[in-house]
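Just below is one structure, and these are the notes that go with it.
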Amino acid sequence: MADEVSATHADWSREEVRTPAGRLVRAIRAYQKWKGHGWWAWPLRALWGQMVMGANRQCACEVPPNLQAGGGLMFPHPNGVVIHPAVKIGVNCMIFQKVTLGEGGRKPGVPVLGGHVAVGAGA
């Protein structure tokens, strides 16, 4: 079926939404694109890092620009989302509002999400 979402292959079209959350994901991807280049690309990294911070303010969330996330990442309602910079997120994941993915709790370290995972509101 065409409606099925893969847990292993990224569906990049999921990131093409024209909302503040979509702008946040696009800014993260652009920052990551220029991060791998040499010292000469620092103005572009700085620009896209500021775009990520602006999108964070607009969406009322804290998502780092160096987020390790597979393709197809979606934030349907990013309000209140807080993600630790060391968290790893698989392909085609969906993170709803007021989700905190951070360090602490009973197990040491930060969460690692597999592919095609949806994290519900308030988790």
Side-chain angles (χ1 to χ4, degrees):
M1 290 180 76
D3 300 82
E4 293 181 15
V5 178
S6 173
T8 57
H9 294 72
D11 180 7
W12 291 97
S13 67
R14 292 166 46 107
E15 294 185 1
E16 295 175 5
V17 293
R18 300 197 182 279
T19 63
R23 285 190 290 276
L24 171 64
V25 174
R26 274 195 306 278
I28 289 170
R29 297 297 182 204
Y31 176 86
Q32 292 170 348
K33 173 185 173 186
W34 291 107
K35 190 172 187 326
H37 291 73
W39 60 269
W40 57 270
W42 74 265
L44 293 168
R45 284 192 303 270
L47 170 71
W48 285 108
Q50 290 299 314
M51 297 294 282
V52 171
M53 293 304 128
N56 277 333
R57 282 190 298 277
Q58 186 178 16
C59 294
C61 63
E62 292 182 34
V63 180
N66 59 346
L67 178 66
Q68 299 175 36
L73 177 65
M74 289 183 67
F75 295 105
H77 305 287
N79 186 359
V81 172
V82 178
I83 299 178
H84 190 280
V87 168
K88 293 181 180 164
I89 300 174
V91 298
N92 300 328
C93 287
M94 187 179 305
I95 300 174
F96 288 92
Q97 68 269 19
K98 300 198 185 305
V99 169
T100 300
L101 298 174
E103 197 170 15
R106 289 177 277 215
K107 294 183 178 181
V110 295
V112 176
L113 301 181
H116 190 48
V117 174
V119 182

Under the 3.5 angstrom rule, does the side chain of [X] hit a backbone N or O of [Y] as a donor-acceptor pair?
X     : Y     : value
Glu15 : Gly72 : yes
His84 : Ala86 : yes
Gln32 : Leu67 : yes
Arg26 : Val17 : yes

Do the side chains of [X] and [Y] join up, straight or via other hydrophobic residues, at under 4.5 Å, putting them in one cluster?
X      : Y      : value
Ile83  : Leu113 : yes
Val119 : Val87  : yes
Leu101 : Val117 : yes
Leu44  : Met53  : no

Looking at every non-hydrogen atom in both residues, tell me the closest pair between [X] and [Y] and how far apart they are.
X     : Y     : answer
Ala21 : Phe75 : CB-O, 3.1 Å
Thr8  : Ser6  : N-OG, 2.9 Å
Val52 : Val63 : CG1-O, 3.7 Å
Trp12 : Arg29 : CZ3-NE, 3.7 Å
Arg45 : Lys35 : CD-CA, 3.3 Å
Pro85 : Pro64 : CA-CG, 3.7 Å

Got a second to check how far Arg23's CZ is from Arg18's CZ, nearest 0.5 Å?
9.5 Å

Met51 vs Pro65 side-chain heavy atoms within contact, under 4.5 Å
no

For atom NE2 of His37, is the number of surrounding heavy atoms from other residues, nucleotides or ligands below 6.0 Å larger than 12?
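Yes, enclosed.
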
Greater than 12 external heavy atoms within 6.0 Å of Glu62's CD
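Result for CD/Glu62: open.
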
Going by side chain to side chain contact (heavy atoms under 4.5 Å, CB included), Leu73 matches just one of Leu24, Ile28, Ile89. Which one?
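Looking at Leu24, Ile28, Ile89, the match for Leu73 under the side chain to side chain contact (heavy atoms under 4.5 Å, CB included) is Ile89.
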
Please determine which of Asn92, Val91, Val25 meets the side chain to side chain contact (heavy atoms under 4.5 Å, CB included) test together with Arg14.
Asn92

